[in-house]
Structures are given as C-alpha cells and as structure tokens.
Amino acid sequence: MAGHSKWANIQHRKGRQDAKRGQIWTKVIREITVAARGSSDPASNSRLRLALEKASAANVPKDTVNKAIQRGSGKLEGAHYEEIRYEGYGIGGAAVIVDTMTDNRTRTVAEVRHAFSKHGGNLGTDGSVAFQFRHCGHFLFAPGTSEEKVLEAALDAGAEDVISEEDGSIEVICAPADFEAVRQGLERTGLKPAIADVTMKALNEVHLHGGEAEQMRHLLDALEDLDDTQHVYTSATLDA
C-alpha cells in the first residue's frame with residue numbers, strides 16, 4: 001500500500017498550496033475577515049484564532065491582518081463575502097467538496113462547474129456527498145513519531161481517535177470544538193504535528209492509480225486554483 005501513502009498524499013497537496021504564497025495570503029485574509037464577523041477577539045473566537053495562526057505561518061503582515069479583522073467587524077468598508085459549499089464527484093466516483101468565499105456567487109458557481117466538467121468530474125447538488133465526510137479537528141504526525149506518546153497525549157487532551165497509518169504516519173481526530181484543547185495538549189508534551197486543522201475527513205477513501213490518479217490531480221488543482229476557493233476536500237487517495 002506504499003503507493004497510497006496518506007503522508008505522501010497530504011504532503012503533496014500541502015506543498016503545492018504552500019508554493020502559491022500570494023494565493024495563500026488571499027485565502028487567509030478572507031478567512032480572517034469572515035471569522036471576525038462573530039467576534040474580533042481571538043480569545044473568544046476559535047475560528048478567528050485558527051485563521052490568525054495560519055496568517056502567522058504564512059508570514060502575512062500584521063497590518064494586513066489587522067485591516068482584515070477591522071473589515072470583518074465592520075470598522076472598515078470592504079467586500080461582503082458569502083460562504084458557499086459545492087459538492088460533486090471526481091474520477092472513479094470520488095467525492096469532492098469545495099468550500100468557497102465569494103462576493104459574486106454567479107461567477108463562482110460557473111467557475112466551479114467549468115472546472116469539474118473540464119477535468120472529468122460532475123458538480124452535484126447540495127448534500128450529494130457531504131454525508132461521506134466527517135467535520136472534525138485533524139492532526140497529522142510524520143512517520144517515525146512515537147505512537148505511544150501521541151496516543152497518551154491525545155487521549156489525555158480529549159481526542160476521540162488516534163489512527164496509525166500503514167506508512168507510519170499518525171492521525172489524531174477530535175471534535176471541532178475540542179481542536180484548541182487537543183492542540184495545546186499535544187504541544188505541552190513536545191509533539192508538533194505537521195498538519196493541524198479543522199477539516200472535512202472522508203469516511204471511506206477511493207484509491208486511484210495511474211491515469212485516473214493523474215486526472216484527479218488535475219481536477220483538484222483546477223478547483224484549488226480558483227480565486228474564490230478556500231478549501232477542497234476529497235475522498236480520493238492518489239498513487240504517490
């Protein structure tokens with residue numbers, strides 16, 4: 001199952017996304033703006049707190065971050081973003097969820113539909129694939145990390161599940177509301193996950209090989225490259 005390495009799949013997508021710094025900044029700034037609608041105080045707004053951590057990791061200037069918070073809280077004028085989720089199918093019937101933030105839903109749906117159809121997928125209806133995913137906090141540790149140490153720290157911090165993958169990587173799953181507590185619990189024991197986020201985790205994976213895997217990569221890349229896309233989730237795992 002080496003070709004289906006969870007670690008390789010997730011690192012590939014993360015690496016590709018990280019390479020597009022300008023696009024990453026845009027996504028993070030939008031996330032901060034929308035998150036700040038609830039409260040401009042990160043101490044009481046976990047979504048904003050997570051967005052600010054992403055901004056720090058991406059080296060977004062503090063002045064840019066502060067302006068995004070002010071726009072979100074209504075202290076500065078700016079575009080009004082809607083959060084819209086699109087669901088569809090990729091290659092081999094793999095499920096795909098595209099979360100967007102947009103100030104023009106007509107433009108966004110047209111672009112999402114075009115990306116699906118151009119690369120062999122199909123845009124579905126609301127609820128067509130969301131049931132195949134679990135909304136959860138997700139932490140991924142690199143192969144070679146002590147399973148015993150992760151298991152003890154994660155469960156003590158309130159995690160719901162710890163999964164050891166065949167490639168040696170370790171996943172920790174928790175309820176979205178417990179994300180911050182679990183993250184702090186892991187860090188207190190010196191454990192630093194390679195990835196930590198609140199995500200949509202596929203309940204069942206579809207393994208794609210060769211040409212199908214390559215076609216699915218093109219579809220996922222096209223969806224992620226759209227200006228209004230914030231996150232793309234899929235049940236597909238691709239040959240490394």
Side-chain angles (χ1 to χ4, degrees), residues 1-28 30-31 54 58 81-136 138 140 165 167 169 171 194-195 197-240:
M1 296 293 288
H4 296 134
S5 168
K6 174 84 64 173
W7 177 253
N9 267 270
I10 294 179
Q11 288 297 104
H12 169 79
R13 302 227 62 79
K14 182 177 183 296
R16 185 183 181 280
Q17 292 159 5
D18 287 350
K20 300 193 158 204
R21 174 159 295 187
Q23 192 179 48
I24 290 294
W25 281 21
T26 299
K27 293 180 189 296
V28 171
R30 284 185 182 176
E31 177 67 25
K54 291 179 180 178
Y81 294 109
E82 287 184 88
E83 295 181 88
I84 306 175
R85 168 168 290 176
Y86 298 97
E87 303 176 38
Y89 295 92
I91 313 307
V96 181
I97 289 178
V98 186
D99 281 346
T100 67
M101 288 184 184
T102 178
D103 58 359
N104 185 330
R105 64 164 56 214
T106 302
R107 176 195 67 223
T108 304
V109 69
E111 292 179 345
V112 171
R113 181 180 289 111
H114 177 70
F116 269 106
S117 61
K118 181 179 180 180
H119 297 283
N122 298 100
L123 181 62
T125 57
D126 290 349
S128 57
V129 304
F131 68 93
Q132 300 183 44
F133 294 81
R134 174 186 181 187
H135 186 217
C136 62
H138 178 245
L140 180 68
E165 300 291 345
D167 60 9
S169 61
E171 291 184 281
I195 293 175
D197 206 352
V198 176
T199 187
M200 297 291 286
K201 178 177 170 58
L203 299 175
N204 294 290
E205 296 175 339
V206 177
H207 302 306
L208 298 178
H209 315 263
E212 286 193 333
E214 189 63 23
Q215 191 176 3
M216 188 68 182
R217 278 195 188 93
H218 289 316
L219 171 59
L220 297 175
D221 289 348
L223 291 168
E224 287 175 348
D225 285 345
L226 297 178
D227 288 341
D228 298 329
T229 295
Q230 288 293 114
H231 302 286
V232 177
Y233 309 106
T234 181
S235 62
T237 61
L238 313 177
D239 280 342

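Just so you know, residue 1 is the first one in the sequence shown, and it goes up from there. For the numbers below, each heavy atom of this structure counts, side chains included, while hydrogens, waters and symmetry mates do not.
With a 4.5 Å cut-off on side-chain heavy atoms, Asp197 and His138 do not count as touching. Residues Asp99 and Arg85 are in side-chain contact: their nearest non-hydrogen atoms beyond the backbone lie under 4.5 Å apart. In this structure the side chain of His114 never reaches within 4.5 angstrom of the side chain of Glu111, judged on heavy atoms. At a threshold of 4.5 Å between non-hydrogen side-chain atoms, the residues Tyr86 and Val96 do not count as touching. A heavy-atom distance below 4.5 Å is not found between the side chains of Thr26 and Asp227. Side-chain contact between Glu224 and Val98 is absent, with no heavy-atom pair separated by less than 4.5 Å.
Here Lys54 does not pair with Glu31 in a salt bridge; the nearest charged N to carboxylate O distance is not below 4.0 Å. Under a 4.0 Å N-O distance rule, the pair Asp228/Arg107 qualifies as a salt bridge.
Heavy-atom minimum distance, Ala58 versus Ile24: CB-CG2, 3.9 Å. Closest of all the heavy-atom pairs between Ala236 and Leu208 is CB-CD1, 4.1 Å. Taking every heavy atom of both residues into account, Ala222 and Ala115 meet most closely at CB-CB, 4.2 Å.
Here the options are Ile97, Val129, Thr234, the test is side-chain contact (heavy atoms from CB on, under 4.5 Å), and the partner is Met200; only Ile97 passes.
The distance from the CG atom of Asn104 to the OG1 atom of Thr108 is 6.0 Å, given to the nearest 0.5 Å. With rounding to the nearest 0.5 Å, the separation of NE2 in His218 from NE2 in His119 is 8.0 Å. A distance of 10.5 Å separates CZ of Phe133 from CG of Asn204, quoted to the nearest 0.5 Å. Ile84 CD1 to Met101 CE: the interatomic distance, rounded to the nearest 0.5 Å, is 11.0 Å. With rounding to the nearest 0.5 Å, the separation of CD in Glu83 from OG1 in Thr102 is 11.5 Å. In this structure, Arg30 CZ and Asp103 CG are separated by 6.5 Å, a value rounded to the nearest 0.5 Å.
Taking the side chain to side chain donor-acceptor pair (under 3.5 Å) definition, one finds that Arg134 meets it with Glu160, sequence neighbours left out.
Residues in residues 198-207 take part in these salt bridge (Lys or Arg N to Asp or Glu O under 4.0 Å) pairs, two or more places apart or across chains: Lys6-Glu205, Glu171-Lys201.
Of the possible polar contacts, one joining the Ser235 side chain to the Ala95 backbone as a donor-acceptor pair under 3.5 Å is found. Without hydrogens or angle criteria, Glu87 side chain to Gly124 main chain gives no donor-acceptor distance under 3.5 Å. The closest donor-acceptor contact from the side chain of Gln132 to the backbone of Leu203 lies at 3.5 Å or more, if one exists at all.
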Worksheet item: Given Leu238 and Glu212, is the side-chain contact (heavy atoms from CB on, under 4.5 Å) satisfied, shown in steps?
Response: CA-CA 9 Å; Leu238 313 177; Glu212 286 193 333; over 6 Å; no
Worksheet item: When you look at Arg105 and Thr100, which way does the side-chain contact (heavy atoms from CB on, under 4.5 Å) test go after all the steps?
Response: CA-CA 9 Å; Arg105 64 164 56 214; Thr100 67; over 6 Å; no
